[in-house]
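Worth knowing before you read on, the calculation uses all heavy atoms, side chains too, and leaves out hydrogens, waters and symmetry mates. Reminder, nothing fancy here: chain letters follow the sequence lines and each chain counts from 1.
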There are 2 protein chains.
Amino acid sequence: MRLTLYSDYSLRVLLYLSHKEGETVTITELADFYKISRNHLVKVVHNLGINGFIATSRGKHGGIRLARPAHEITVGEVVRYTEPDFDLLECFNPETDQCVITNTCSLKSMLFEARSAFIKVLDRYTLAEAAAKAPSEFRSIPILQG
Amino acid sequence: MRLTLYSDYSLRVLLYLSHKEGETVTITELADFYKISRNHLVKVVHNLGINGFIATSRGKHGGIRLARPAHEITVGEVVRYTEPDFDLLECFNPETDQCVITNTCSLKSMLFEARSAFIKVLDRYTLAEAAAKAPSEFRSIPILQG
DNA sequence: CTAAACATTCATTCGTAATACATGTTATTT
DNA sequence: AAATAACATGTATTACGAATGAATGTTTAG
């Protein structure tokens, strides 16, 4: 279970902008700071603009900045717009589901509930909080690797 | 955000065995019932055996059956053993993390908490419950597709 | 001894995330 | 008006790992 690097990069861009709220930042500056592919960031920034998280301006002295205050944008909201999907099981997508027991097993609703719990946590946190130093780690339940 | 088909198939195998608790079932029977690749199931079953979820017996009249009662095996436990990892962000794996802000941002702890909430829900449900008909859907928080 | 079953390893396919590239559009500056 | 610096947008390529396939080994019942 992973988020895409795309979501990861999207959050990093918004975090950087949160630190410099109000200022205009260029993609090149972001790529240099994070030491990641400028080409990939181009797409990430483009998408963030389309979804209204950032305001973009072209031309000389152009760049990007947060379109809304950092304390009004939740992490959950961002992730919902950047992840391609949240289809945990085959049966989550009725278009492609071919499982023969979809109608008689309740795994789907269990995973639905788990997914909701996941998103709910992320909806409680804003970019402003994420940009602050981590207060502690919430890893109360250890994850075992198979 | 997805689980692997491998985890999906693992759960399906255990669900089938839950329905036939005590009986011995062959991989071929499972593949026929679910109409999925027998080769893939071979691996799934092998892994479930290694991790103690099922008891396997070779030779004529061999097969597999649950190694523990269905009501004692939680969905969360299974998923933890079948998913390759739960590394939601690059910074989740210190071995490969190259993010330059890992130490000053708190996204990691937020995602940790969300992940714990996710697993916690799945730890509440057993295979016995999953094998029963779904009572309802818990989809309280709608997921938007980017 | 044979057949039926799982055990185990290796090889291949395939989807898609990740990346790279090329060209277009806009706006500022001189 | 021209040059430049920035984002916009679409296309192509690469790379990784999940998914699948195949082959051989081992065990057990009859």
Side-chain angles (χ1 to χ4, degrees), chain A residues 1-10 12-13 17 23-32 34-65 67 82-90 93 96 98-99 146, chain B residues 1-10 12-13 17 23-32 34-65 67 82-90 93 96 98-99 146:
Chain A
M1 188 171 84
R2 291 189 178 190
L3 297 184
T4 59
L5 243 198
Y6 190 87
S7 290
D8 196 338
Y9 284 0
S10 298
R12 291 191 207 179
V13 167
L17 297 179
E23 291 180 47
T24 293
V25 169
T26 68
I27 293 178
T28 300
E29 179 181 344
L30 284 165
D32 289 346
Y34 283 117
K35 296 183 176 30
I36 57 184
S37 159
R38 189 184 178 287
N39 286 309
H40 203 185
L41 272 187
V42 164
K43 278 195 183 176
V44 167
V45 164
H46 181 53
N47 185 257
L48 288 174
I50 286 175
N51 292 126
F53 291 110
I54 61 178
T56 64
S57 53
R58 300 206 272 197
K60 214 162 189 174
H61 298 164
I64 63 176
R65 61 179 196 285
T82 57
E83 277 295 292
D85 63 66
F86 291 86
D87 297 341
L88 294 165
L89 298 175
E90 183 180 333
N93 185 348
T96 55
Q98 297 193 316
C99 181
Chain B
M1 187 171 86
R2 292 188 178 190
L3 297 183
T4 58
L5 242 197
Y6 189 87
S7 290
D8 195 339
Y9 285 0
S10 297
R12 292 190 207 179
V13 167
L17 296 179
E23 293 179 46
T24 293
V25 168
T26 68
I27 293 178
T28 300
E29 178 181 345
L30 284 165
D32 289 346
Y34 284 117
K35 297 182 176 27
I36 58 184
S37 159
R38 191 184 177 286
N39 284 309
H40 204 185
L41 272 187
V42 164
K43 279 193 182 177
V44 167
V45 164
H46 180 54
N47 184 258
L48 288 174
I50 287 176
N51 292 125
F53 291 108
I54 61 178
T56 63
S57 52
R58 301 205 273 197
K60 212 163 191 172
H61 298 164
I64 64 176
R65 60 178 199 287
T82 58
E83 276 296 292
D85 63 65
F86 291 86
D87 296 342
L88 293 164
L89 299 175
E90 183 180 332
N93 185 348
T96 55
Q98 297 193 317
C99 182

Nearest-angstrom distance from the residue atom [atom1] of [X] to [atom2] of [N]:
| X | N | atom1 | atom2 | answer |
| --- | --- | --- | --- | --- |
| B:I27 | D:dT26 | CD1 | C1' | 14 Å |
| A:R2 | C:dA18 | CZ | C1' | 13 Å |
| B:N39 | C:dA7 | CG | P | 15 Å |
| B:H40 | D:dG17 | NE2 | C1' | 12 Å |
| A:E83 | C:dA18 | CD | C1' | 14 Å |
| A:N93 | C:dT16 | CG | P | 11 Å |
| A:Q98 | D:dA19 | CD | P | 14 Å |
| A:E29 | D:dA5 | CD | C1' | 14 Å |

Can you tell if the side chain of B:T4 reaches within under 4.5 Å of the side chain of B:P84, non-hydrogen atoms only?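 Yes, their side chains come closer than 4.5 Å.
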
Can you find a side-chain donor-acceptor pair between A:T82 and A:S7 that sits under 3.5 Å?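 Yes.
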
Between [options], which nucleotide gets closest to the side-chain atoms of [X]?
| X | options | result |
| --- | --- | --- |
| B:Y9 | D:dC7, C:dC6, D:dT20 | D:dT20 |
| A:H46 | D:dA8, D:dT20, D:dT27 | D:dA8 |
| A:V42 | D:dT9, C:dA20, D:dC7 | D:dT9 |
| A:L5 | C:dT19, C:dT29, C:dA4 | C:dT19 |
| A:R58 | D:dG25, D:dA19, C:dT25 | C:dT25 |
| B:K60 | D:dC7, D:dA29, D:dT20 | D:dA29 |
| B:K43 | C:dC6, C:dA11, C:dA20 | C:dA11 |

Between [N] and [X], is there an OP1 or OP2 to side-chain N/O distance shorter than 4.0 Å?
| X | N | answer |
| --- | --- | --- |
| A:S37 | C:dA18 | no |
| B:T56 | C:dA7 | yes |
| B:S57 | C:dA5 | no |

Point-to-point distance, once rounded to the nearest 0.5 Å, from CD1 of A:I36 to CG of A:D8: 8.5 Å

Within the structure shown, what part of the strands sits under 4.0 Å from [X] by heavy-atom distance: base, sugar-phosphate, or nothing?
| X | result |
| --- | --- |
| A:H61 | sugar-phosphate |
| A:R38 | sugar-phosphate |
| B:G62 | sugar-phosphate |
| A:T28 | nothing |

Residues A:E90 and B:R12 bridged, charged N to O under 4.0 Å: yes

For the residue pair B:Y9 and B:H40, categorise the inter-ring angle as parallel (less than 30°), tilted (30 to 60°) or perpendicular (more than 60°). perpendicular

Heavy-atom closest pair, residues B:G52 and B:A67: O-CB, 3.5 Å

